[in-house]
Amino acid sequence: MIVEVPGQYNPKNVEDEVREFWQREDTYHKVRRLRAGGRRFFFVDGPPYTTGRIHLGTAWNKVIKDSILRYMSMRGHELKDRAGWDMHGLPIEVKVEEHLGFRSKKDIETYGVDRFIEQCKSFALRQKDEMTEQFKSLGVWLDWDNPYMTLKNEYIEAAWWTLKRAHERGLLERGLRVVNWCPRCQTAIADSEVEYWDERDPSIYVKFPVEGEENTYIVIWTTTPWTIPANVAVAVHKDFMYSKVRAWRRDGTYEILIMATDLIENVLKQGRYVDYEILESMRGEDLLSLTYRNPLQDLVPPQRDFVHGVHLADFVTAENTGIVHIAPGHGLEDYELGLEKRLPIFCPVGEDGRYTSEAGEKYEGKYVRDANPEVVEDLMDRGALLASGELVHRYGHCWRCKTPIIFIATRQWFIRISDLRDQMLQEIERVSWYPEWAGSARFKDWISNARDWCISRQRYWGIPLPIWICRSCGSMDVIGTAAELEMRAGRAVEDLHRPAVDDVRLRCSCGGEMERVPDVFDVWFDSAVASWATLNFPREDKEFNVWWPADFITEGHDQTRGWFYSQLGASMVAFGRAPYKSVLMHGFTLDEQGRKMSKSIGNVVHPEDVVERYGADTLRFYVLSSNAPWEDLHFSWEGAMNVNRMLNILWNAYRFPLPYMILDKFDISKADTSRYSLRPEDRWIISRVNSLAKEIEENMAEYMLHRVTRSLQDFILEDLSRWYIQLVRPRTWIETDDPDKLAAYATLYTVMSSLVKLLAPFTPFLAESIYQNLVRGLDPSALESVHMCDWPGYREDLIDKRLEESMRYVREISEAVSNARQKGGRKLRWPVSRIMISSDEQLDLRDLVHVLRTQTNSKDVIVLPPGEKPEMNLEVSVVQKKIGPVFKGESRDVVEAITSMNPREVKRIIESGAPLEWKGKSYMITGEMVEFREIPPANLIPAEFSKGIVYVDITLTDELKAEGYAREIIRRIQDMRKDLDLKVDEMIRVSVALDSSEVLGLVSGWKDHISSEVRATLLRMGNDIDIEGELTKDWEVDGVNIRVSVARA
RNA sequence: GGGCUCGUAGCUUAGCCUGGCGGAGCGCACGGCUGAUAACCGUGAGGUCACGCGUUCGAAUCGCGUCGGGCCCA
């Protein structure tokens, strides 16, 4: 049984009802079970990080995933669709620290690592639950009951196992490296965890005194004064020219300075020197023999023992002084140069960002960034400061706690990704990228620059590194699974997290005791192993053998350096191949102006607010249709509103036939469409819906979600609502069991049942709601949910391209007629006697002429033969330039002759080649002497369409007037029915008083028609009759006053 | 500074891959419909297709460069 639905699309009600239905019927699981045994489609959910609420970007991400998965399911695929959660790492630690009011690692140690871990864990789990609800409210169907979670033991094992593979392949190494270091979190952080923004920093020029040369200095520039105590060398470029310069101060003293020749002016200006002379110029190489002293050597004892030299380096640029200060303990390039030149890797800074005792008593314990002014002062006191200022530049910060990072040399664990670079480049060629450039350009570029992956973090809440080292012999073991650990330890280990795992001691083959290294994994390593962890590999390999690698993943373009990369890296280590076959890269969500959404600008749009206002289907359809997936989405409320409006139109189109179907007890099983001859317009809309399905399939194959949704939108608005529904409306009012009406019902049913299936992946709630009522309501044998249905696909034999084309012309002509009517001042309610269609082509309107007739409200539709036009009035004008030279003095007469004659006659004469006779004279007129213009007669209003011109004859006759007035009266009575809120089939009594006898006379012939149209049992019309009824209203139509009263019969 | 990407009407955008009259929606102005009606429809105005150079018979589309936005890197 179908039921009527409310007149306004109310997404909240629709979605609540559907959600409840899915819940009650366990629809998700039924759908998944239904597809068991189908072609496998392995999707890996890029795990969102469990902190805070979901934002618009995350919502978009999941909507894309869900739409594609629903589509794949309808296409018959068995899905692997576990949702994933990224639950370890600093961000959560930072949140928990904030919550507990902690400021440093020491606070955590004091509080107790076990309690801290518990807090992190419960925080992550709580967040996961909250976010799950939010995703569910968007209609996202993933395996929410059984998600993969990075904090689970079986997940941790996947990471362990992968590291063990790295070790076995000789790709794991420990080394002193300069890393990005967060002094607050006291851990190394990945390049991808560094966030850059502008920071005001010192900008100083420092003079290093050259050994053995009196009053001579090498000049360097730096923005990190605090690294000067760790300076052990300087670098120059081999191609640059350098000069030794005598620089004079205002007071007449001078110094001898060494710097790049091109930069002398700049440097001396900074140092406020008044004059200079170049003593000597040399190439970079010529400086290599120099040595210098660190100006702070009296404060930093180890500096006294270092030999400070000059070295060549390519990274030196012709900026500032052209000489670069090298502190191998505090810079990546410095470190590499240090290794190469065997410089001391001097790093007198501790993990807390404070100077160690190595920096000397004066600096020890001071936080390096705070120490900047002091270092500058000390340099000045020692005459080593050439200039001091400030500048604003981009500086790196810890992604999570926003502390400016520092570079320090520490011992870390690395995976030698750089060894795998070439294989990775080969492997990504085999992956299908959407769009293509995401792989061929963007990702390729990133891989080409791939550096070794620092996987260790000096933190707590993460997957512990499964590396045990013997205290006696220093040998190292990497443990691959929990079982292996328990076997080696000889006892059970409940939780693989810290601190429990820290207590596990292993026996070394040397007989000594092995201890775990205290580090945890970089959190990027967690999600990197997702594609096999989600299959519970290595704990079991059954699923892995069947499903891996992933068929499809999709994430935002920031994940190029993130998850696309980390997964590839880990998979290359573990399996030597890419873990995914196709990747869709999507964009970012920005505000309407294309700015980043941020709390400080106050332009953040929350998905739940959009859902609240317009519903989840609207949000879904909006983000999918707004632009191409890989482009950034500029969110606009107006855009969302328009989608909502479109869905409302769909709702109205769906709702409109329901009352009639119910009234007529329409039975689809008896409405075998082949038994009723469908009208051409019925076959047209069916053709269109099949064409639509085809279009969608083609675009889905390329993940062109914007084209898919736009095709749907066009179909709903243009074909269904604006056209077909308009055409079909009168047929539903027929009250008998007319086959034509049943054909209309059957067509509507067919079209709507296809349409809701085509919509199901994108607007799952609305599609389900319509399906439940209309489709299941009419066909009890229909499947329980629209999401269980097979993708309807398309039938070539139902697609009639020529019919579609014909209908396109019919629509164009109808629109042109509207245009002409507007120009001619004839409302659509008033019939016209005829329209004439003129085209140079043979227009194939097929059997759609009746459609044209009703839609244009025209008594006759005349399609003229190709090239023909209605008879035109001809206008002739003379071309003086041509007449003058020929007729000279008689020109005036000739012009008079031409203009005073009937243009048609002039034309005939010219064409016949005969002379024109005028006032007893004859003139030979040629075609070039005149110009003819065709003017349609006043009653024919022309309007263009793509293939020609349509002429509307607006001549009024009494019959047309009578019908026009009759329709005016009908419309007003209908309006009043509405006011009285009558049911569509309720009968009424009507009185109509007109103040025009002429109109009354015309209309009286239409009395029966009016009565039946408005369902009147009694209709009284007169010039001056008594009027009474429940509702009385006065109207005015073209100067005629009409008083109408209506009462229930 | 480098890689990728985007720039089309007041706003949001399609078209670009594969060259052939630049399309929508919103907003604006005017009109229509009235058995979808707090809904819907039509018409109109509105364009330096960011800018410049090139390729071509022909460029929004292809190439190079410049400017501006986004992501990523240094």
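So that the names make sense, note that chain A is the first sequence line, chain B the second, and so on, each numbered from 1.
Contact annotation: Arg710(A) does not reach the phosphate of G23(B) (side-chain N/O to OP1 or OP2, under 4.0 Å). For U13(B), one of the phosphate oxygens OP1 or OP2 lies less than 4.0 angstrom from a side-chain nitrogen or oxygen of His634(A). OP1 or OP2 of G15(B) lies within a sub-4.0 Å distance of a side-chain N or O belonging to Arg707(A). For Arg829(A), a side-chain nitrogen or oxygen approaches OP1 or OP2 of U34(B) to under 4.0 Å.
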request  = Evaluate the ring pair (Phe, Tyr, Trp, His ring centres under 6.0 Å) criterion for residues Phe635(A) and Tyr622(A): first the C-alpha distance (whole Å), next the side-chain angles of each, then the deciding distance (0.1 Å), finally the verdict.
outcome  = CA-CA 9 Å; Phe635(A) 181 85; Tyr622(A) 170 71; 5.3 Å; yes

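Contact annotation: side chain of Arg442(A) to base of C71(B), donor-acceptor pair present below 3.5 Å. Judged by distance alone with a 3.5 Å cut-off, no donor-acceptor contact links the side chain of Glu815(A) to the base of G42(B).
Looking at which nucleotide of RNA chain B each of Gly639(A) and Arg967(A) is closest to, the 5′-most match is held by Gly639(A). Sequence order on RNA chain B of the closest nucleotides to Asp632(A) and Asp445(A) puts Asp445(A) first from the 5' end.
With both ends at atom P, the span from A59(B) to G27(B) equals 36 Å, rounded to whole Å. Spacing between C57(B) and U5(B) at atom C1', rounded to whole Å, works out to 33 Å. Distance check on atom C1': U61(B) versus G54(B) gives 15 Å, rounded to whole Å. Distance noted for atom P between C49(B) and C62(B): 16 Å (whole Å). A24(B) and G47(B) have their P atoms separated by 16 Å, given to the nearest Å. Across the C1' atoms, C72(B) and U12(B) are found 26 Å apart, a figure rounded to whole Å. Here, A9(B) and C4(B) have their P atoms 26 Å apart, quoted to the whole Å. Comparing the C1' positions of U55(B) and G68(B) gives an interatomic distance of 26 Å, to the nearest angstrom.
Checking C71(B), U34(B), G42(B) against every side-chain atom of Ser818(A), the shortest atom distance belongs to G42(B). The side chain of Asn642(A) sits closest to G25(B) out of A14(B), G25(B), U43(B). Nearest nucleotide to the Trp437(A) side chain, out of U5(B), G15(B), C71(B): U5(B).
At a non-hydrogen distance threshold of 4.0 Å, Ser721(A), Arg722(A), Ile725(A), Gln726(A) from residues 716-726 of chain A come into contact with RNA chain B.
Contacts of Glu963(A) classified as salt bridge (charged side-chain N to carboxylate O under 4.0 Å, His left out), with partners at least two apart in sequence or in another chain: Lys859(A).
Of all heavy-atom pairs spanning Tyr745(A) and Thr732(A), the tightest one is CE2-CG2, 4.0 Å.
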